[in-house]
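Numbering of ligands and ligand atoms starts at 1, following listing order.
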Amino acid sequence: MITKLLDAQDVAEAAAWIQRGEPVGMPTETVYGLACDALNPDAVRRVFAAKGRPADNPLIVHIADFADWAPLVKEIPPLAQKLAEQFWPGPLTIILPRTEQIPAVTAGGLDTVGVRFPAHPVAQALIQASGVPLAAPSGNRSGSPSPTTSAHMMQDMDGRIPAVLEGGSCLCGVESTVVALDDAQTIRVLRPGFVTPEQLGRIAENVIVDDAVLTKLSTNAIVRSPGMKYKHYAPNAQVTLVQGDQDAFLQYMQPRLAAGVCALVFDADAAACKARGIPYHTYGDTDEARAAAFFAALREADAAHITHLYVRAPRTDGVGLAVYNRLIRAAGYDVVQV
Ligand code: TXA
Ligand code: MG
């Protein structure tokens, strides 16, 4: 049985599990993570096993003090330093060549490591109490929607890990932005997240959104972020992403209404939608940028035994890019234009 550790007072108990090499559920401001001692290869193998994650997909390493970054990476270029000063603690992961401190298994065999300093106070407390950097992928079973509450983590990890630390609902609701540096002035977004390309553009001359973010890669393509290869973030239902305005979307849905069919819609569409509709609070026609409810909406569709989920596609600017990126993967690239 998984134990739910209720609050920051239980951090010491969670840290004791980590020190014994066991993975523990950790709240962060983005999604819940499955945390372990990043420097202990056996602990890291347990995380891969609990998630059912392919061994070539590296884990992000979490720190809670700027000083703990330098020992993990070969060098910190000025642009990386600027990124950290601007966005840490927060939802940004910075990839740099790793030192020998990071075991190969943590890095999925790559010679780089992604480091993040999360903003969530419970995550910070757990990292500090553990006394080591914590490797933490999202706490879902591989392929499933990421968990944004402790209950989601319990659903996926009960019987597989000893404990999950309660930290409330995740504020961002979508994972961190993963970036690499192409040169001294160029940031490459490998995975869009809560920190947007527009925000990154304020501190670097060039921001490139990697091709893998919005397009399907050919099977042999070299992928800079291994996670982008896999079908991902998917509920049990078949997902179709529908691109179009509210009228066109509702018309498209009309002949498809049936038992087991559900629409994932913007808040503003909910009243007009005749299908069973789950609003996912992300933006479309307005500038409101909230990603917080969309993974939970995918899980809600599963709980309702939905077999086909039609999702009104969000815009691809701001945080919408991150939501769109998750949705096309959930949809296996099944996108319909109406
Ligand atoms: O917000 C987040 O980033 C959450 C919380 C728990 O911190 N973590 C998370 O981890 O989303 P995960 O493992 O689910 O996703 C990490 C992504 C994967 O797509 C992985 O391939 C990529 O980051 N990644 C990690 N290290 C990398 C590296 N060294 N080079 C390229 N991509 C890397
Ligand atoms: Mg993940």
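- Near Ala136, meaning under 4.0 Å from any of its heavy atoms, are these atoms of ligand 1: 6 (C), 8 (N), 10 (O).
- Residue-to-ligand polar distances keep Thr93 apart from ligand 1: every N/O pair is separated by 3.5 Å or more.
- Between the side chain of Glu198 and the backbone N or O of Gly318 there is at least one donor-acceptor pair closer than 3.5 Å.
- Distances from atom 4 (C) of ligand 1 to the heavy atoms of Asp111, Val115, Val31 put Val31 nearest.
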Candidate pair Arg116 and Glu29, rule salt bridge (Lys or Arg N to Asp or Glu O under 4.0 Å), full reasoning: CA-CA 12 Å; Arg116 169 161 122 77; Glu29 73 279 21; 2.8 Å; yes
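- Residue Pro58 holds the heavy atom nearest to atom 25 (C) of ligand 1 of all those in Gly25, Pro58, Gly114.
- Interface atoms of ligand 1 facing Thr30, defined by a heavy-atom separation under 4.0 Å, are 1 (O), 2 (C), 4 (C), 5 (C).
- Tested against Arg299, the residues Asn140, Asp156, Thr148 include a single side chain to side chain donor-acceptor pair (under 3.5 Å) partner, Asp156.
- The ligand atoms of ligand 1 that sit less than 4.0 angstrom from a heavy atom of Val178 are 23 (O).
- Heavy-atom proximity to Pro137, at under 4.0 Å, picks out these atoms of ligand 1: 10 (O), 12 (P), 13 (O).
- In summary, an N, O or S atom of Ser138 is located under 2.8 Å from the Mg ion (ligand 2).
- Taking any N or O of Ser176, backbone or side chain, at least one lies under 3.5 Å from an N or O belonging to ligand 1.
- Ser150 and Glu166 form a side-chain donor-acceptor contact under 3.5 Å, judged by distance and modelled atom types alone.
- Both the backbone and the side chain of Thr112 come within 4.0 Å of ligand 1, judged by heavy-atom distances.
- Both tests hold for Arg256 against Tyr252: distance to the six-membered ring centre under 6.0 Å, angle to the ring axis within 45°.
- Residue contact annotation: Arg53 has a non-hydrogen atom under 4.0 Å from ligand 1.
- The Glu175 neighbourhood of ligand 1 comprises atoms 1 (O), 2 (C), 11 (O), with distances under 4.0 Å to a heavy atom of that residue.
- Applying the 4.0 Å criterion to heavy atoms of Gly33 picks out, from ligand 1, the atoms 6 (C).
- Using the six-membered ring where Trp is involved, Trp88 and Phe66 have ring planes that are tilted, between 30° and 60° apart.
- With no hydrogens or angles considered, no side-chain donor-acceptor pair links Thr106 and Arg98 at under 3.5 Å.
- Judged by the shortest distance from any of its heavy atoms, Ala107 lies outside the 4.0 Å radius around the atoms of ligand 1.
- Not a single heavy atom of Met26 sits under 4.0 Å from any atom of ligand 1.
- Note that CE of Met253 is 8.5 Å distant from CG of Leu250, once rounded to the nearest 0.5 Å.
- Gln81 and Glu85 share a side-chain donor-acceptor pair at under 3.5 Å.
- No N or O atom of Lys51 sits closer than 3.5 Å to an N or O atom of ligand 1.
- With Val47, Asn140, Ile95 as candidates, the residue nearest to atom 28 (C) of ligand 1 on a non-hydrogen basis is Ile95.
- Going from atom CZ of Phe48 over to atom CG of Leu59 covers 4.0 Å, rounded to the nearest 0.5 Å.
- Considering backbone and side-chain N/O of His62, one or more are found under 3.5 Å from N/O of ligand 1.
- In this model, a donor atom of one side chain and an acceptor atom of the other lie less than 3.5 Å apart for Ser176 and Arg191.
- Contact atoms of ligand 1 toward Asn57: 18 (C), 20 (C), 21 (O) (distance under 4.0 Å to a heavy atom of the residue).
- Counting only N and O atoms by type, the side chains of Ser130 and Gln19 include no donor and acceptor under 3.5 Å apart.
- Counting heavy atoms under 4.0 Å from ligand 1, residue Arg191 touches it through the side chain alone.
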